[in-house]
A.B. asks: 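Take this structure first; my questions come after.
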Amino acid sequence: MDFDLSVITDHARFLASGVGVTLALAALSGVTSLVLGLVVALLRLYGPRGLRHVVVLYIDSMRAIPVLVVLVWTFFALPIVTGLTMPPFAAALIGLTIHLAAYAAEIIRAGIESVRPGQTRAAVALGMSPAQAVRRIVLPQAVVRTLPAFGSLLSITIKDTAIASVIAVPELMRQSETVAGQSFQPIEVYTFAMLVYFLMLFPVTRGVDRIYRRVAHLGRS
Amino acid sequence: MTLDWSVVWQHRDALLAGTATTVLLTFATMAIAVPCGIVVAVLRLYGPAPVRAVATAYVELFRNLPLILVVFWAFYVLPIWTGLSGLSPLATGLAALALNVTAYNAETFRAGINSIRRGQVEAAMALGMSRLQALRRVIVPQAVRRITPVLASTWVSLFKDTSLVSVIAVTELAYSAMQVRAQTFRVLEMLTAMAAIYWLLGYPQAKLVDWIQRRYAVTE
Amino acid sequence: MTANSTTGNGGGAARAMAGAPCIVRYQGVIKRFGAFTALNGVDLDVHAGEVVCLIGPSGSGKSTLLRCTNGLETIDGGAIEFEGATLPRDERALRAMRRRMGMVFQSFELFPHFTALQNVAEGPRTVLGQSAVAADARAKALLAKVGLADKAASYPSALSGGQQQRVAIARALAMEPDVMLFDEPTSALDPETIGEVLNVMKALAEEGMTMVVVTHEMTFARRVGDWIAVFDAGRIVEQGVPNQIFDAPATDRTRDFLSHLGWTG
C-alpha cells in the first residue's frame, strides 16, 4: 500500500484552515456552553420549582438526542421556524452550545453538591451571606473537583466539531472529505486527519490530568 | 409556511425500519464490545509488557479520535486491509462502532477492577487463594457492581452514536429520516420527527441509567 | 540463663527447652522498599502455643514483618522458616503454606458481597475444596465461637467494626491454621468494640493457638502475651517476657516508647 503524502502537502493550507475552524468552533462553543451550563445549573439548584422542572426536562432531552440530530435540526429546520437564514458556523455554534450546556450543567451541579455541607455551615458561621458562601467557599472547591470531568467534556467538544462537517462547516473533517473526494486518495487524507485529531485530543486529557493532580488538594475538604 | 405532518405517518415504514436498524446496531455493537473490552482490559492489566503497551495504545488511540472520522476511515480503509471489497456499509459501520466502544469498555473494566481495594486481594491470598480464584470470587463480583452503571451510560451514548454511521449511508434512523426529507422536501416535519423519535427512545433509556446508578451506588 | 535478650535469637534456648517446636523463625530478615529499609536484620523465634506480641512506634517494621511471614511481601535478605521449611518464592508452594497461616487485617477486609457465613465458609469452599454443606456447618460453629451465631446471614455493611473483625477472625480460623497473624487488629475500632475482639483473641490464646500479634494494646500484650518483641527503625531493640519488658525495660528506646504511650505499668 503506497502512501502518497503529496496529496497532504499539496492541500496543506486548505487542511490547516480546517484545523483553525475546528479549534475556533471548539473554543467558542466551549465557552458558551460553560456559561449557559452555569446558568442552567444554578437554576436547577436554586431556582423556583416550575423552572427547575423545565431545566431538568432540557437536560434529560439532550441526553436522549444525538448531536448530529441537534446540529441538523438547527441548520435546516430552525431557519424555517425563525425565518432567518443561518450560516453553517453559527448553526454549529448554537447547536453545540445547546447540546453541551446540558452536560456542563450536570458537571457543575455534581461538583457543587460534592462539596461537604459542613463547608457552607462553617462559612455561614463566620457571618457570610449564603451568596458569599457559595461564591467564596463552595464554587472554588467545586471548580477544582470538576476539572477532570470538564477535561473530558472539552475532549468531547473537539470531537463533536467533526460532526459539524455534516452541515458543511469547513472544519478539519469537512476539509478532509473535500480533499479526499477530489484526489481519490481517501486513505492518506483520512489517516492524516486521524493523526491531527489525535495530536489535538491526546494532550487535552493528559494536560487536564496533570493540572488536576497539582490542584486536587485545593478541592479536598 | 404550511406544514404537512402526515408525511411522517405516510413514511412510517421507512422510519420504523430505520429505528429497528438503530436498535440492532446498538445491540450488535455491545455484543462485540463487551467481551472484547474485557479481553483488552485483562491484557492491559495482566499481560506481559509489550502486550500491555499495545493494548494501552489501542485504547488511547480510539478514545482520542472523533467517531465520525473513524466511520469514514473504516469505510475507505477496511475493505483494503481485510481484502473484503464487498463489505456492506452496515458491517463497516458496525466495525467502526465496535472498535470505538471496545476501547471505552476496556477502560471501564480496567478502572472497575483497579478500584477494588488492594486489601481485598490480600485477604483472599492470605486465605490461600490463587490470583485467579481471588479474581473470580472476590474482585470480579465487586467490580461488576461498579462497572454496571458506567456500562449503562456507555450504552445510551452508543445508541446516539449510531446516528453517525448515517454518513456512510447505513439505513438507520437518521439516514432514513433524512432520505424521506430529501424525497418529500418536508424539512421541518421530518427533522422534528427524527428528533422526536430519538427523544422517545432515548429519554426512557437515560432515566433507566439514572435508576441503575442509584441502585448500584457504591458506598465505601 | 536469662529469659530475655537484647540480641540474638531471643532467648531461644530457654524457650526451646520447654519442648515446644519452633513454628516461625526469622533469621536476619531484611526488607527494603526502594531506598527505605523497613526491616534491617530481624531475628525472632515463635514457638508452638506462644503468643508473641510485636510492639513499637509506627513505621518501625512490625506490620512489614507480619506481611513477609505469609509472603504478601518478599524479603530482600535473611530467611523466614515456617514449620521448619524456608518460605518458598514459588507462588504455588507459597499458597500451600498460606493455608496453614491465618491473617487478620487492621481494616478487616471482609468480602462485602458475601454474608458473614459465606465469608467464613469461603476459604474451606474455594481453597480447600470442601462441600458447601461441610463448609457452612463449620462456618456456623466458628461464628458461634466468636459470639456471632445470630449474624450469620448479615452482610458486613450491617455489622459494627468489632463484629466485622470477629467474623474476620472466624474466617481465618476456618482454615485450621497452625499460626494466626494479627496486624493491628483493634487499631481501626471504636473503643467500645475493642474489648470484644481482644476477648476472642484471649480465648484463642488460652486454647493454645500460636499467635503473632502486632498491637498497640499494651494491657493485652502484658496479660495475654508470652513473649514481647520491641521494634524500632526496622530492628528488634529488645525482646523478653512481658513482666520484664514492661516493668524493667533494659533499653532506653523501650523506656522512651513505653513512656510516650503513657504506660505507667
Side-chain angles (χ1 to χ4, degrees), chain B residues 34 37-38 41-49 51-52 105 108-152 211-220, chain C residues 63 66-67 69-73 90-114 118-129 135 155-158 164-165 167-177 179-184 188:
Chain B
V34 168
I38 293 177
V42 169
L43 288 177
R44 214 178 147 182
L45 282 168
Y46 305 120
V51 171
R52 282 208 310 268
N105 282 353
T108 303
F109 293 133
R110 187 187 72 100
I113 290 178
N114 273 345
S115 71
I116 308 298
R117 282 207 323 260
R118 212 172 122 231
Q120 289 287 299
V121 178
E122 290 180 353
M125 287 172 66
L127 282 174
M129 286 195 210
S130 68
R131 268 210 175 266
L132 194 63
Q133 283 173 323
L135 204 69
R136 202 168 43 91
R137 299 289 297 170
V138 176
I139 304 298
V140 169
Q142 293 187 59
V144 165
R145 259 194 95 90
R146 287 154 209 252
I147 286 171
T148 303
V150 185
L151 221 55
W211 178 80
I212 291 179
Q213 277 172 347
R214 270 197 305 272
R215 197 172 169 281
Y216 283 81
V218 175
T219 40
E220 275 294 314
Chain C
S63 291
L66 216 63
R67 291 160 60 84
T69 313
N70 69 349
L72 287 180
E73 309 277 2
D90 171 52
E91 188 62 24
R92 260 209 169 170
L94 200 52
R95 274 207 307 273
M97 263 191 192
R98 283 192 190 127
R99 293 173 189 184
R100 303 203 299 276
M101 302 186 210
M103 188 166 221
V104 177
F105 298 81
Q106 180 177 348
S107 50
F108 333 134
E109 296 301 347
L110 287 184
F111 305 133
H113 55 303
F114 290 148
Q118 288 166 334
N119 261 280
V120 179
E122 182 61 16
R125 277 192 67 176
T126 303
V127 180
L128 299 178
Y155 283 91
S157 54
Q164 288 187 55
Q165 194 63 301
V167 175
I169 295 175
R171 178 177 66 177
L173 289 174
M175 299 293 285
E176 299 186 343
V179 65
M180 284 284 278
L181 309 170
F182 290 87
D183 190 356
E184 298 203 34

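Small disclaimer: the values here were computed from a predicted structure and weren't measured. Letters A, B, ... mirror the listed sequences (proteins, then strands); counts begin at 1. Hydrogens, waters and symmetry mates are skipped; everything else that's a heavy atom, side chains included, is used.
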A.B. asks: Using only atom types and a distance under 3.5 Å, with no angle test, would you say the side chain of C/Gln165 pairs donor to acceptor with the backbone of C/Phe105?
C.D. replies: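 Yes: the side chain of C/Gln165 pairs with the backbone of C/Phe105.
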A.B. asks: With sequence neighbours left out, which residue pairs that include part of residues 97-114 of chain C fulfil the salt bridge (charged side-chain N to carboxylate O under 4.0 Å, His left out) condition?
C.D. replies: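 Only B/Arg117-C/Glu109, C/Glu83-C/Arg100, C/Glu91-C/Arg98, C/Arg100-C/Asp178 qualify under salt bridge (charged side-chain N to carboxylate O under 4.0 Å, His left out).
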A.B. asks: Rounded to the nearest 0.5 Å, what separates atom CG in C/Asn70 from atom CG in B/Leu127?
C.D. replies: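 Between atom CG of C/Asn70 and atom CG of B/Leu127 there are 10.0 Å.
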A.B. asks: Just say parallel, tilted or perpendicular for the rings of C/Phe111 and C/Phe114, cut-offs at 30° and 60°.
C.D. replies: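 C/Phe111 and C/Phe114: perpendicular rings.
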A.B. asks: Where do C/Leu173 and C/Met180 land on the side-chain contact (heavy atoms from CB on, under 4.5 Å) test, with the steps shown first?
C.D. replies: CA-CA 8 Å; C/Leu173 289 174; C/Met180 284 284 278; 3.9 Å; yes
A.B. asks: Need one label for C/Met175: side chain, backbone, both or neither, based on atoms under 4.5 Å from any heavy atom in chain B.
C.D. replies: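 The answer is the side chain of C/Met175.
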A.B. asks: To the nearest 0.5 angstrom, please state how far the OG atom of B/Ser115 sits from the CD1 atom of B/Ile147.
C.D. replies: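 Rounded to the nearest 0.5 Å, the OG-CD1 separation comes out at 7.5 Å.
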A.B. asks: Does C/Ile169 form a side-chain contact (heavy atoms from CB on, under 4.5 Å) with C/Phe182? I'd like the steps, not just the answer.
C.D. replies: CA-CA 9 Å; C/Ile169 295 175; C/Phe182 290 87; 4.0 Å; yes
A.B. asks: Tell me, side chain or backbone of B/Gln120 under 4.5 Å from chain C's heavy atoms, or both, or neither?
C.D. replies: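 The answer is both parts of B/Gln120.
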A.B. asks: Begin with the C-alpha distance, continue with both residues' side-chain angles, and end with the deciding distance and a verdict on side-chain contact (heavy atoms from CB on, under 4.5 Å) for B/Ile139 and B/Val121.
C.D. replies: CA-CA 7 Å; B/Ile139 304 298; B/Val121 178; 3.4 Å; yes
A.B. asks: Between C/Glu73 and chain B, which part of the residue has a heavy atom less than 4.5 Å away: side chain, backbone, both or neither?
C.D. replies: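 Only the side chain of C/Glu73 comes within 4.5 Å of chain B.
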A.B. asks: Report the option among C/Ala96, C/Ser157, C/Pro112 that has the most heavy-atom pairs separated by less than 4.5 Å from atoms of chain B.
C.D. replies: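 Greatest number of close heavy-atom pairs with chain B: C/Pro112.
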A.B. asks: Which residues in residues 120-128 of chain C have any heavy atom closer than 4.5 Å to a heavy atom of chain B?
C.D. replies: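 Interface residues of residues 120-128 of chain C: C/Glu122, C/Gly123, C/Thr126, C/Val127.
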A.B. asks: Heavy atoms only, distances under 4.5 angstrom: which of B/Arg131, B/Gln133, B/Arg137, B/Arg136 has the most pairs with chain C? Name it, please.
C.D. replies: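 Looking at each option in turn, the highest pair count goes to B/Arg137.
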